[in-house]
Amino acid sequence: MTDRYAVIGNPIDFSKSPFIHMSFAQSTDQDIEYTKVLGPLGQFHSTVDEFRQAGGLGMNVTAPFKLDAFQYATQRSAAAELAGAANALKFQGHEVLAENFDGVGLVRDVVHNLGHALKNKRVLLLGAGGAARGALLPFLAEGPQQLVISNRTESKAKALTKIATQHKTLSTTVEAVAMNKLGAMQFDVVFNATSASLRGELPAVPATVFGPGALAYELAYGKGLTPFLRLAQNAGVRQLADGVGMLAEQAAEAFVWWRGVRPDTRHVIKELTVPLV
Ligand code: ATR
């Protein structure tokens with residue numbers, strides 16, 4: 001029997017998840033159906049109830065329902081707990097398991113696909129919203145030398161630093177630094193986890209933050225050369241990336257979780273890549 005999965009969001013038309021998961025299913029020989037569900041606002045619970053009653057086994061969750069999905073769950077992973085949000089659900093009888101694979105997908109893309117180990121590296125994380133929160137534990141698990149969190153609203157960066165300090169190992173230093181105080185610092189990897197690019201804006205970060213051989217990583221996907229990536233390019237950074245690999249890898253994590261088999265993400269990344277121009 002064909003197993004049923006779906007992505008739920010509002011809007012949902014532009015979701016790449018059905019393409020991604022059906023590609024994975026084809027390449028791993030899994031008999032699944034994967035659809036899009038437009039969730040009416042304020043009706044997340046009843047919409048998911050309906051999908052489960054119809055035999056659905058799991059869902060990816062996108063905006064604006066990640067918090068609803070977290071609340072709907074009966075069991076939550078540490079990553080979901082820390083993010084306070086879920087992007088994947090698994091249904092097992094009466095149990096609803098919640099996961100958040102965004103951070104682990106991001107790290108897998110950086111380390112595995114882009115070949116930038118984070119161990120003993122200096123990492124700058126711009127932003128302190130949901131996307132930054134999700135990345136925190138997976139970053140720390142890699143054992144960077146330094147993790148600096150910088151956010152327009154400083155108090156949020158400080159709050160996130162406090163959480164990070166509870167989860168870090170001794171060899172990693174974690175601190176919050178105001179964007180206008182970053183001038184004297186350099187990093188091996190700079191992540192833009194702010195939502196500035198979605199509006200074509202540039203976080204007020206100095207171009208000097210990129211160290212020699214740095215990677216500039218924009219978590220947003222499909223926006224081409226965003227103001228942040230342009231800043232990096234103009235500063236001489238040669239390795240620029242957007243969130244296409246993160247998108248594919250978080251989907252792969254959900255696929256492994258649901259199906260027990262890891263798909264190769266290369267085909268999907270190639271198909272979905274939007275040139276950085
Ligand atoms: P997401 O889930 O995408 O992380 P969010 O939780 O609303 O969205 O967080 C948005 C992040 O982008 C925040 O860190 C926000 O900074 P503030 O905490 O100061 O609001 C950051 N952000 C949004 N627009 C920005 C801009 N133009 N410059 C700098 N940071 C910006």
Side-chain angles (χ1 to χ4, degrees), residues 7-12 14-17 39 41 44 60-71 79-88 98-107 109-110 123-139 147-164 174-183 185 187 190-210 216-223 225-232 241-247 249-250:
V7 57
I8 181 168
N10 188 334
I12 200 62
F14 297 106
S15 173
K16 308 288 185 208
S17 291
L41 296 179
F44 179 82
N60 282 121
V61 182
T62 188
F65 297 124
K66 290 185 180 185
L67 298 182
D68 298 278
F70 180 80
Q71 280 152 8
E81 288 283 358
L82 183 60
N87 80 339
E99 264 290 2
N100 191 316
F101 291 124
D102 286 336
V104 73
L106 168 62
V107 166
D109 186 39
V110 171
V123 176
L124 173 59
L125 176 61
L126 301 172
R133 251 175 189 271
L136 212 54
L137 284 186
F139 277 175
L147 175 63
V148 169
I149 303 172
S150 193
N151 191 50
R152 183 175 60 183
T153 309
E154 271 189 81
S155 56
K156 284 207 239 163
K158 284 190 179 140
L160 213 53
T161 302
K162 216 168 159 187
I163 297 171
V174 180
E175 59 181 322
V177 177
M179 286 201 191
N180 63 6
K181 300 265 166 58
L182 288 169
M185 305 179 86
F187 299 89
V190 181
F191 292 98
N192 183 17
T194 75
S195 54
S197 308
L198 303 180
R199 289 180 300 279
E201 295 168 5
L202 176 68
V205 57
T208 47
V209 293
F210 304 100
Y217 196 109
E218 171 75 73
L219 271 66
Y221 153 68
K223 302 278 169 203
L225 199 65
T226 62
F228 166 75
L229 291 176
R230 188 169 302 120
L231 178 86
D242 78 353
V244 63
M246 175 184 177
L247 176 71
E249 293 299 341
Q250 64 77 28

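Just so it is clear, the structure is predicted and the values come from calculations on it, not from any experiment. All ligand and atom numbering here is 1-based and tracks the order in the structure. Quick note: numbers below take in every heavy atom, side chains included, and nothing from hydrogens, waters or symmetry partners.
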Locate the shortest heavy-atom distance separating G84 from L67; write the atom from each residue and the value. O-CD2, 2.9 Å

Would you list the atom pairs, donor with acceptor, under 3.5 Å between side chains in residues 194-204 and any protein atom, with sequence neighbours excluded?
from : atom 1 : to   : atom 2 : distance (Å)
T194 : OG1    : N192 : OD1    : 2.8
T194 : OG1    : A196 : N      : 3.2
S197 : OG     : N192 : ND2    : 3.3
S197 : OG     : E218 : OE1    : 2.8
S197 : OG     : E218 : OE2    : 3.0

Tell me, please, which residues at least two apart from K223 pass side chain to side chain donor-acceptor pair (under 3.5 Å). none

Which residues pass the salt bridge (charged side-chain N to carboxylate O under 4.0 Å, His left out) test with K156, sequence neighbours left out? none

Between N100 and F70, is there a side-chain heavy-atom distance shorter than 4.5 Å? no

Can you tell me how far OG1 of T208 sits from CG of L182, rounded to the nearest 0.5 angstrom? 8.0 Å

Protein residues near ligand 1, heavy-atom distance below 4.0 Å? G127, A128, G129, G130, A131, N151, R152, T153, K156, T194, S195, A196, R199, E201, P203

